[in-house]
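Working notes for the structure below.
The basis for the numbers below is simple: all heavy atoms, side chains too, and nothing from hydrogens, waters or symmetry mates.
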Amino acid sequence: MQLSSLLPLALIVFPTVLGASNTNTSSCYGFPLPPLPASASSENRTIPWGTPAFTLPNGTVCCSSLAQVRLGINEINAQLVELLAQRAAYVREATRFKGTLDTVDVPARNVEVIEGAVNASRTTTPKLPETIARAVFEAIIDASVSFEKCFFAEFDGEGGCGAK
């Protein structure tokens, strides 16, 4: 699966930005994240603070409650799980084209995928923080390489890693 096939997810599941409620948050979208100021841990805000910052696909402004936020996150999580299942199926198929265990992990390809995700994060609407794009794709690559090695070993009759 190519990175470009994951990009529609950002357009489908992430709503359109109306505008940030605090312009000081722009540094939170880069990588690495800036250190938290010491005052942040002792700050006590009236809840909810700020104003809703984006419009849902149905045109309503989100979000008026934490429950509404969590419902939206749960819906996105379900879509992510489905996409990750498809990605894992592609990873399994890729294994069939590799002749040795040494060819399963291709560091240059891993960097290409991770940096591609980070670069794509700079153009999403709403903006995907680079630190999230990097961490998520590093985790996807690490888990995918482990899965692919397991599948490779299992196919060779070396016992593999459990159920097929």
Rounded at 0.5 Å granularity, tell me how far OG1 in Thr95 sits from CZ in Phe147. 7.0 Å
Side chain Gln68, main chain Ser64, donor-acceptor under 3.5 Å: yes
Counting N and O atoms only, with roles assigned by atom type, does the side chain of Ser146 sit under 3.5 Å from a partner on the main chain of Asp142, one being a donor and the other an acceptor? yes
On a heavy-atom basis, the closest approach of Ala133 and Ala117 is CB-O, 3.9 Å
Would you check if Cys62 and Pro52 make a side-chain contact, meaning some heavy-atom pair closer than 4.5 Å? no
Does the pair Ser121 and Lys127 meet the rule for a side chain to side chain contact (heavy atoms under 4.5 Å, CB included), with working shown? CA-CA 7 Å; Ser121 76; Lys127 189 146 177 62; 5.6 Å; no
I'd like to check Thr60 versus Thr55 (side-chain heavy atoms, cut-off strictly below 4.5 Å). Are they in contact? no
Would you say Phe31 and Val118 make side-chain contact, with heavy atoms under 4.5 Å? no
Minimal non-hydrogen separation, Lys98 against Val104, with atom names: NZ-O, 3.2 Å
Taking salt bridge (Lys or Arg N to Asp or Glu O under 4.0 Å) as the test, write out the residues that go with Glu82, two or more places apart. none
Closest approach of Tyr29 and Leu128, non-hydrogen atoms and distance? CD2-C, 4.2 Å
Out of curiosity, Leu84 CG to Ile140 CD1, how far, rounded to the nearest 0.5 Å? 5.0 Å
Using the test side-chain contact (heavy atoms from CB on, under 4.5 Å), find all partners of Leu71 that sit at least two apart in sequence or belong to another chain. Glu75
Any side-chain heavy atom of Leu83 within less than 4.5 Å of one from Arg87? no
How are the rings of Phe151 and Phe155 set to each other: parallel, tilted or perpendicular (split at 30° and 60°)? tilted
Donor-acceptor side-chain pairing of Thr100 and Asp102 below 3.5 angstrom: no
Sorted by chain and residue number, the salt bridge (Lys or Arg N to Asp or Glu O under 4.0 Å) partners of Arg122 (sequence neighbours excluded) come out as Glu130
Nearest-0.5 Å distance that lies between atom CD1 in Ile114 and atom CZ in Phe137: 9.5 Å
